[in-house]
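Below is one structure, written out as structure tokens; the observations come after it.
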Amino acid sequence: MSTDGVVTIGLLGCGTVGSQVVRMLSEHGDDWVARSGARLQLTGIAVRDASAERAPWVPRELLTEDAEAVIDHADIVVELIGGIEPARSYMLRALHAGGTVVTGNKALVAAHGPELHDAVQAGNGNLYYEAAVAGAIPVVYGLRESLAGDKITSVAGIVNGTTNYILDEMTTKGLGFEEALAAAQALGYAEADPTADVDGHDAAAKGAILASLAFHTRVGLDDVPTTGIRHITAADIAAARADGNVLKLLAVAQRTADGVSVQVRPTLVPQAHPLAAVRGAFNAVVVEAEAAGRLMFYGQGAGGAPTASAVLSDIVAAAGHVVRGSKAPRESAYAALPLLDPEHVPARAQVTVRLADEPGTLAAVAGIFGDQGVSIEAVRQPRVAGSPGADVIITTHTTTEAALARTVAGLEAEPTVDRVVSVTAVEGY
Ligand SMILES: NC(=O)c1ccc[n+]([C@@H]2O[C@H](COP(=O)([O-])OP(=O)(O)OC[C@H]3O[C@@H](n4cnc5c(N)ncnc54)[C@H](O)[C@@H]3O)[C@@H](O)[C@H]2O)c1
Ligand SMILES: N[C@@H](CCO)C(=O)O
Ligand code: NA
């Protein structure tokens, strides 16, 4: 910080979120002074193409293609480029020099968290990433600070707006996946290449970050088994509705006596559950903590202005630390809990099997569940018009991932089972 109370800010990337950060910084200047104790001054904006057209409020004289110069002349570096490189090298450069970095880059934080946190430690710098998880929703702060005095047992969230929008369109309008994806792209929710969203990788990165914060344990992207929503059909959605459920892409992080687990997959949520009411591109995160009980965080998880709100919150906090010479909260990974193996990961599922409609077939199926110690909660046999066989939908009580996998293998090997139509996770253990 300069002697005249100015904290300088260097921005890397000026796209959807970056341009909104520029707009917000240029407004409410006196509020930022009052809240952080410093005048926040944007001193450089690193972009890939300085001659490209920009929003009218972006000061052209600050644009440069020299990102390293921006980094080296700023108290706070705001990384809004996205992707791994060069964002990773830029952030490490700032952190190793003892600087402060604010980022919205969940892919980078989830894949390279240890390296970034180690660089914070080595350089005695600061790292903030509220915008990386669920956009405007203050869930990073909530877990890291508001709930620092409690023991969190689970975090379950709708943390990807694009996929929630697609599933919601399929649920409410009866659209197929491709049609709903096209609608999401037309509205600008889904990228031209929607892979990270629809295949669950974006949600997996956020799940890894949430679990790391909630359980004081390093959880990386590779630790999150992930299934996306590409294979979901209108029939799956209709079957869920018929059972009083809604299909949602959930990131679920759990802590048991033996360790922790995180998964991302389409999950049946009862219509009465608060996550079932999360519509459109909204996000929500439900946290269960021992003393606090259940908490729900809800709001806009994407979009330029909502995400910029989270970035500004980090900038104001970071500027306050620069002014006072204090530090941001450091990574808390002291618990170092083990990752659960599938024999210990709690699981509940709905298994749909197509059977020959003959005496004894249902008993054989029930026996396979019983052999694996998997308790059945409900069985339903809806009429399948025009089919010679019968679809039987079996919902289990809580079991383990491994017992469930063995049950499915047993069903596939059973001669009277025509095929296992689907295996879908059920919320709540
Ligand atoms: N858009 C959202 O709703 C949202 C929500 C939460 C988090 N985020 C995260 O925020 C970050 C930015 O997202 P966005 O939506 O603004 O992306 P964007 O693609 O709109 O903007 C990124 C900008 O960075 C520029 N850029 C690329 N390489 C560069 C380089 N080497 N140097 C300087 N600039 C470079 C691009 O030209 C582009 O203008 C990403 O990490 C994203 O995951 C975005
Ligand atoms: N693509 C993300 C937004 C950025 O995290 C989503 O659809 O939620
Ligand atoms: Na957030």
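Computed from a predicted structure; not experimentally measured. Read the numbers this way: they start at 1 and go in the same order the structure lists the ligands and their atoms.
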Within the 4.0 Å heavy-atom shell around [X], which atoms of ligand 2 are there?
X    : answer
G161 : 6 (C), 7 (O), 8 (O)
K106 : 4 (C), 5 (O)
D197 : 1 (N), 2 (C), 6 (C), 7 (O)

Side-chain H-bond candidate by donor/acceptor type, [X] with [Y], under 3.5 Å:
X    : Y    : answer
T64  : D66  : no
H73  : T43  : no
D391 : T352 : no
N245 : E427 : no
T163 : N160 : yes

Mind checking whether the Na ion (ligand 3) has an N, O or S of [X] under 3.0 Å?
X    : result
V133 : yes
G135 : yes
I137 : yes

Would you mind checking which non-hydrogen protein atom is closest to atom 3 (C) of ligand 2, with the distance to 0.1 Å?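 Protein heavy atom at minimum distance: A302 CB, 3.5 Å.
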Atom 7 (O) of ligand 2 has as its nearest protein heavy atom T162 OG1, 2.6 Å
Return the [atom1] to [atom2] distance between [X] and [Y], rounded to the nearest 0.5 Å.
X    : Y    : atom1 : atom2 : value
M296 : E288 : CE    : CD    : 12.0 Å
K206 : L221 : NZ    : CG    : 12.5 Å
I237 : L247 : CD1   : CG    : 5.0 Å
Y129 : K106 : OH    : NZ    : 14.5 Å

Tell me, yes or no, whether the heavy-atom count around D222 atom CG, taken from other residues, nucleotides or ligands under 6.0 Å, exceeds 12. no
Could an N or O of ligand 2 be found under 3.5 Å from any N or O of K206, whether backbone or side chain? yes
Once you restrict to heavy atoms under 4.0 Å, what part of N283 touches ligand 2? Side chain, backbone, both or neither. neither
Could you give the N/O to N/O pairs under 3.5 Å linking ligand 1 and the protein, each with its distance?
from     : atom 1 : to   : atom 2 : distance (Å)
ligand 1 : 3 (O)  : G303 : N      : 2.6
ligand 1 : 16 (O) : T16  : N      : 3.2
ligand 1 : 16 (O) : V17  : N      : 2.9
ligand 1 : 20 (O) : T16  : N      : 2.9
ligand 1 : 20 (O) : T16  : OG1    : 3.0
ligand 1 : 37 (O) : R48  : NH2    : 3.4
ligand 1 : 43 (O) : K106 : NZ     : 2.9

Q20/T16 under side chain to side chain donor-acceptor pair (under 3.5 Å): CA gap, chis, key distance, verdict: CA-CA 7 Å; Q20 290 299 317; T16 306; over 6 Å; no
